[in-house]
2 protein chains.
Amino acid sequence: MPGDDPGIERALAKLRVRDVVTPEEERVFTASIAETRVIAAHRQIVRSGTTLSESTLLLDGLACRYKDLANGERQIQEVHVPGDYVDLHGFLLKTLDHNVGALTDVRIALVPHDALREITENHPHLARLLWFSTLLDAAIQRERILSIGRRNAASRIAHLICELYLRMQVSGLAEEGRYALPITQTDIADTCGLTPVHVNRMLRRLRGEGLMTFRGGEVVIHDWDGLVRVAEFDPTYLHLDRRPR
Amino acid sequence: MPGDDPGIERALAKLRVRDVVTPEEERVFTASIAETRVIAAHRQIVRSGTTLSESTLLLDGLACRYKDLANGERQIQEVHVPGDYVDLHGFLLKTLDHNVGALTDVRIALVPHDALREITENHPHLARLLWFSTLLDAAIQRERILSIGRRNAASRIAHLICELYLRMQVSGLAEEGRYALPITQTDIADTCGLTPVHVNRMLRRLRGEGLMTFRGGEVVIHDWDGLVRVAEFDPTYLHLDRRPR
DNA sequence: CGCCACGTTGAACCGCATCAAACCAGGTGG
DNA sequence: CCACCTGGTTTGATGCGGTTCAACGTGGCG
């Protein structure tokens, strides 16, 4: 495993933002990866219900957790950016209660659960950082509950765009108010609990108000403060502060 | 700390359903409690943003995690039953991104973060069980995202009632298709992303269809299979299976 | 060239919200 | 023992945000 793989670097960056990570811990983290793999867009990465013996780190591309209803409706529960551990929770749950799919072509790393277990036995601080990263996922999901439950359509979309901007920044993939987001309006609809048609109209409105543009797989934020206001976005839940954990 | 406190017993029961817990681990778990406390209904238990040095175990009564929007609307992100660790995630997040409130009079236990840290250092298996319990919270929240995002009003409510039934059962607080749920229709509305008025109408419908009754702070399930069908309820996400974790 | 996935736009519709009022039970004080 | 108050429940009338259905546009690609 090359220690300077940009994907692994993003995962480490995500940890370093939240706490000091020792070189030894970085070494153990990197060494835990058994193999990397490439998966095409729209393919499943992990299927709900199968017993797992390894967890998946997203190195490049976008992925999502989702669940389908009997009538075919889909709900995306979380969008993953490079550096995210997409199914670290599978380590202890043993089986996922949802699917993980590739939104774009992705490159992933596989980490055997044995290696994770070993970390919990011998590297408690690193184990806490991994635990933390699953707690961060949960915080993001809680904010999604608030969005879908109580925000209106425009606000939900604006909130998602704000959140992804900061998360992409942590992974070093955003600059000057713009970032690549090569997903469809239907994906956004499935994330926000809306229909593609309505997402289209709201995107047009946000663009018309000079707040942001989403086009050609790229987000450009024209007025961050305005977008934050519409979204009622408060980044506290992303816990972007370095503290001893 | 009396080891046979029914509240602590419920918390241990919740772990025992998912894995074998050794007597030594039970002792450590029980010993981690520094003090117990009683809090009146509708009081806050943990306020968003304050730095925490202890976590809260719910021994008796019902609590919830919630967030408010600027216009005063409230979204309950999770309902807690006795035996739940309401802010175990505060151990590593250091500060909560939401509030925790008492839905009824509650009795809680406080566990210093130092004790939790000590568990992660010296009792890795117990630490994994605690980690697991935060993952379970996340799974419950993911299912809520699906509910609010894609299920209709009646289905959302039915789903909540099904979920709480099983969770109360694990804590030994449900029997023969009935359990105490002394909360208001407004609380249900805030959990399901609906208005109290509409919750009232849907409850009436579920009752009219002979599926369930919610009255006087008690749930009576008349037709479990029918309720499950309306809710599209699949308990997989509650991970009610005992496995080595 | 023609297909196909995605984006865009309009018109009609509906599930749930909003507004408003009445009802009901338990609790309190006169 | 009644009068009153308060928080919660129930019901009706009306309105809106978002869905549904349908058509058309558009760019990439075999």
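Every chain is numbered from 1 and lettered A, B, ... according to where its sequence line falls, protein lines coming before strand lines.
- Less than 4.0 Å separates DNA chain C from at least one heavy atom of each of the following residues of residues 180-196 of chain A: A:T184, A:Q185.
- A search for ring pair (Phe, Tyr, Trp, His ring centres under 6.0 Å) contacts involving A:F91 returns A:H113, B:W131, not counting sequence neighbours.
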Donor-acceptor contacts under 3.5 Å from residues 195-203 of chain B side chains, at least two apart:
unit_1: B:T195; atom_1: OG1; unit_2: B:H198; atom_2: N; d: 3.4
unit_1: B:N200; atom_1: ND2; unit_2: B:Q185; atom_2: OE1; d: 3.0

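- Screening residues 38-52 of chain A for salt bridge (charged side-chain N to carboxylate O under 4.0 Å, His left out), with sequence neighbours left out, gives no hits.
- Judged as a salt bridge (charged side-chain N to carboxylate O under 4.0 Å, His left out), the pairs with a partner in residues 80-90 of chain A (not counting sequence neighbours) are, in order, A:K14-A:D84, A:D84-A:R167.
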Every protein N/O lying under 3.5 Å from an N/O of nucleotides 25-28 of chain D:
none

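- In this structure, A:H89 has its ring center at least 6.0 angstrom away from the ring center of B:H239.
- The nucleotide range of DNA chain C contacted by chain B, defined by atoms under 4.0 angstrom from heavy atoms of the protein and reported 5' to 3', is C:dC16 to C:dC19.
- Taking every heavy atom of residues 200-215 of chain B and every atom of DNA chain D, pairs under 4.0 Å involve B:N200, B:R201, B:R204, B:R215, by number.
- One interatomic measurement links the two molecules: NE2 of B:H198 to P of D:dC16, which rounds to 18 Å at whole-angstrom precision.
- Overall, the helix from C:dT8-D:dA23 to C:dG30-D:dC1 carries an axis bend of 30° between its ends, with five pairs at each end and the value rounded to 10°.
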Query raised in the report: Are B:E73 and A:R151 close enough, and set up right, to give a salt bridge (charged side-chain N to carboxylate O under 4.0 Å, His left out), and what steps lead you there?
Result: CA-CA 9 Å; B:E73 289 192 290; A:R151 284 188 242 259; over 6 Å; no
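- Annotation: ring pair (Phe, Tyr, Trp, His ring centres under 6.0 Å) contacts of A:H159 (sequence neighbours excluded): A:F233, A:Y237.
- Among residues two or more places apart in sequence or in another chain, the ring pair (Phe, Tyr, Trp, His ring centres under 6.0 Å) test is passed with A:F214 by none.
- The salt bridge (charged side-chain N to carboxylate O under 4.0 Å, His left out) analysis of residues 55-65 of chain B, with sequence neighbours excluded, yields the pairs B:R10-B:D60, B:D60-B:R107, B:R65-B:E78, B:R65-B:D137.
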